[in-house]
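Working notes for the structure below.
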Amino acid sequence: MLKLTVFILLGLISTIAPSQQHLAKNSTIEITPKQIKQVWQGSYPDTEQAFIIAHNKQQWEQLWHLISKQRKTPKYSGGVGVYIFIGQQLPSNIEVKLLKLKHRNQETNLYWKKAENLNQLGVTAFLDSWVVFLLEETTPHIDRLNRITEEQH
Amino acid sequence: MLSNYQGKYTGAGQTVVVIDTGLSNTYQNDNVVYSYDFANGDGDALSPDAHHGGMVAQVAQQVASDIKIIHLKVFADNSQGAYTNHIEQALQWVVANTETYNITAVNLSLGSGNVQAPTTWSGSDEYEQLDEQGVIVTVASGNSAQSYSTDGVNTLSSSESVFSVSAVNSNHEFTYFSQQHKDLTDIAALGKDVTVTKEDGSTPSVSGTSFSAPIIAATAALVQEAAIDLLGHKITDEQFMDLIQKTGDQVQNYNINTAQGTTYSSTTPNGLTYSYPLEQVIAPENDPKGYKSGAYALDLTSNQVLIQDSVSAYDDKDFYKFTLNSETKVDFLLTNLDADVDLNLHSENGGMHYGWAWGNVDIEFSKTLKAGTYYLEVDSYDHQHTTYDIELNLKDLSTPEPDPSPTPDPTTPEPDPVQVIAPENDPKGYKSGAYALDLTSNQVLIQDSVSAYDDKDFYKFTLNSETKVDFLLTNLDADVDLNLHSENGGMHYGWAWGNVDIEFSKTLKAGTYYLEVGSYDHQYSDYDIELTLEDVLGSEPDPTTPTNPVDYKEVNVASVMAYFEENYVQYA
């Protein structure tokens, strides 16, 4: 029987308790599924940006306007929006896994990596692919997020 | 250019359904007559973020400019994945609306997995219904060739009711990404650097088997428009398959990958690379049962055996039965797993060897077994779906080791004398009147002629064991073709334009076969047919001569249409 599931991005288990997370000035937070409010995926964006970060409703609307001038902006329900251009000409079974937030010197860096999902039922073309995550505003140090880094294999 | 056809047919009146991501504002299509979103359950099939469906439909319309398009969207907005129940619903819609919209073809450029045998899924019933309704279903073979060590195709394209389409580049070679399988790939088409047009007029290039499949769907629309014009009715999907394969161009440079470590390549004088497996490959046609009395009987004819099948939640055990006639050392290797699967060996009296390990890992063990009957049990520990390969290596311990330094034989064996056959009675132009060849040599020469009033000769021959046969048709005065038929109707076409020699090789199982010599122009011609036979099981494979090159074909739209327009009466 086919595996028919559309896979949701899975993260790793947090290794730092919430109370410790708020106290640490320099710390690393593992991203868990609970910190991801919603995910959008698509192909062939209108923008050439590698990443875009939106901290409020106005930036959220600008983010979506840059990705696609024709689509309606999804409802903003608070939190931080992160657009990542995954790459050009990628198989449709390439996903993005969010790994961790590293907070140093009042700046926060989000690390992600590509992952192949051979079970995902997808299109059989190579696409210029993007993804948008809306992250929970309660995620520690998310208000300082200003950099995105792809972690290589 | 996607199509080399410049004729009068454009697919007018024919409808192609694209089951995909829906309409795109960026890659727009003409002649969209209907659309529906099965993922969201509404009539808005415009996808804000995905443009794949629009590009696929554009490719079809580059080949057949006047076709009508129906977009059935099965990907939810914001998602790169689709659910099979939405795809099945879309196929059901096509079953119900074939006549209403005069649907000629359905294209699915989506899927996952890599299978080596027809594999059912929830849409298989609808595939069969569409087949019965004469709708041609084209499915992309998949882009994950580099992720698998074994040849195979996307599960959704493995059905015998659909056309599995692989991708070639402009050099007529399989692309690095294209999945293909010798028994499941039906045809290939361009799938590398295909040009599409954005709404701003720019023309990016795209790649994938996604864009090969709609070329075949659109070719079907051209042919069916011509068929209605010339014959008054559409041709069947079997006839369409026959047509595109017989007029197709040979795909260049391919390898057959059966499993890691079992691919063998050789280079022919013309530089083409072929491969062939040395081992006996068994892909059970009936699913092995999960108990001994329903075990699949293995008829071992080689010392190297590869068994390929799958287990799943509802079929979590497969039993195989085999018999050894003498004491034999057997190496067992279970590989190519996607889940935790165990391999257990049972003797007939119940003794058992457990090939067992935690997790998705290969299982390997060796046993020296006495003569007798044994059972192999493949067991999915977690009841998860996975394909599997079992490799068996058998060494007969009753046979002495070969002398490592044999004395060279100074005498060269005499070649078999050529058996010359000049039929005393003219072979008829149909199977039941075929001239029976009594083959007494491995080298056979048949000499006869065809003419305007005797434009076909059939010959019948029987092989008692698996045999590699080289066929060569020469000494022609006109355009003559040589076709090989099996008794059940399977066919190999030895076909080329003009008065040229025809040459091909086939490894044939024991059975009865028919050779058909046909004068294409109904012109007089003498002919010679040379047959060279080699008993496959009784001889060592020659590493310089491929034993089983796969006859992959790439569609040639102009040849398809030229042949059909000249020979449409054959399809009446």
Side-chain angles (χ1 to χ4, degrees), chain A residues 1-9 36-47 63-75 81 83-96 114-134, chain B residues 20-21 24-27 47-53 55-56 75-85 87 108-114 119 121-122 139-144 147-148 154-157 167 177 179 191 198 204 206-213 312-315 338 384-385:
Chain A
M1 193 179 71
L2 271 175
K3 287 178 183 171
L4 308 176
T5 317
V6 173
F7 285 79
I8 297 190
L9 299 160
I36 300 171
K37 293 172 105 171
Q38 207 165 341
V39 184
W40 294 260
Q41 290 178 277
S43 56
Y44 299 97
D46 291 340
T47 177
L63 178 153
W64 281 103
H65 186 67
L66 285 168
I67 297 170
S68 170
K69 292 174 179 57
Q70 293 166 335
R71 85 177 326 280
K72 285 183 190 168
T73 299
K75 187 168 181 262
Y83 161 86
I84 300 172
F85 182 67
I86 309 170
Q88 292 180 317
Q89 297 288 296
L90 294 175
S92 67
N93 60 2
I94 296 294
E95 299 177 338
V96 166
K114 294 192 194 89
E116 188 179 20
N117 181 353
L118 287 173
N119 292 315
Q120 178 172 290
L121 201 57
V123 299
T124 50
F126 295 87
L127 308 170
D128 295 359
S129 302
W130 57 263
V131 62
V132 170
F133 293 94
L134 186 58
Chain B
D20 211 290
T21 59
S24 163
N25 269 338
T26 307
Y27 297 87
S47 179
D49 300 320
H51 309 293
H52 184 258
M55 293 191 286
V56 166
F75 287 78
D77 294 351
N78 318 318
S79 172
Q80 297 285 78
Y83 290 100
T84 49
N85 63 319
I87 300 170
L108 295 99
S109 290
L110 44 92
S112 69
N114 188 64
T119 305
W121 62 289
S122 55
V139 188
S141 66
N143 292 344
S144 300
S147 299
Y148 300 102
N154 146 36
T155 306
L156 301 194
S157 78
F177 55 78
Q179 290 169 253
K198 288 178 83 168
V206 292
S207 297
T209 54
S210 280
F211 307 109
S212 307
S312 65
Y314 303 105
D315 166 34
D338 301 312
Q384 296 289 311
H385 175 269

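In what follows, chains carry the letters A, B, and so on, assigned in the order in which the sequence lines appear, proteins first and then strands, with residues in each chain numbered from 1.
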Does any backbone or side-chain atom of [X] lie under 4.5 Å from a heavy atom of chain A? Answer side chain, backbone, both or neither.
| X | value |
| --- | --- |
| B/Ser141 | neither |
| B/Asp20 | side chain |
| B/Ile87 | side chain |

N/O donor-acceptor pair under 3.5 Å between A/Thr124 side chain and B/Gly142 backbone: no

Roughly how far apart are [X] [atom1] and [Y] [atom2], rounded to 0.5 Å?
| X | Y | atom1 | atom2 | answer |
| --- | --- | --- | --- | --- |
| B/Gln80 | A/Leu90 | CD | CG | 10.0 Å |
| B/Asn143 | A/Ser92 | CG | OG | 7.5 Å |
| B/Thr155 | A/Leu121 | OG1 | CG | 8.5 Å |

Which residue out of A/Pro91, A/Gly42, A/Ala125, A/Pro45 racks up the most heavy-atom pairs below 4.5 Å with chain B? A/Ala125

At their closest point, which heavy atom of [X] faces which heavy atom of [Y], and how far apart are they?
| X | Y | answer |
| --- | --- | --- |
| B/Ser147 | A/Glu116 | OG-OE2, 2.8 Å |
| A/Ser68 | B/Pro48 | OG-O, 4.1 Å |
| B/Val206 | A/Tyr44 | CG1-OH, 3.7 Å |
| B/Ser144 | A/Asn93 | OG-ND2, 3.8 Å |

Could you go through the side-chain contact (heavy atoms from CB on, under 4.5 Å) check for B/Val56 and A/Val123 one step at a time? CA-CA 10 Å; B/Val56 166; A/Val123 299; over 6 Å; no

Which bit of A/Gln38 comes within less than 4.5 Å of chain B, counting heavy atoms only: side chain, backbone, both or neither? neither

Got B/His51 and A/Ser43 here, is their nearest side-chain heavy-atom distance under 4.5 Å? yes

Taking side chain as C-beta onward, heavy atoms only, is B/Asp77 less than 4.5 Å from A/Lys72? no

Counting heavy-atom pairs under 4.5 angstrom with chain A, the leader among B/Ala50, B/Gly113, B/Gly208, B/Ser207 is B/Ser207

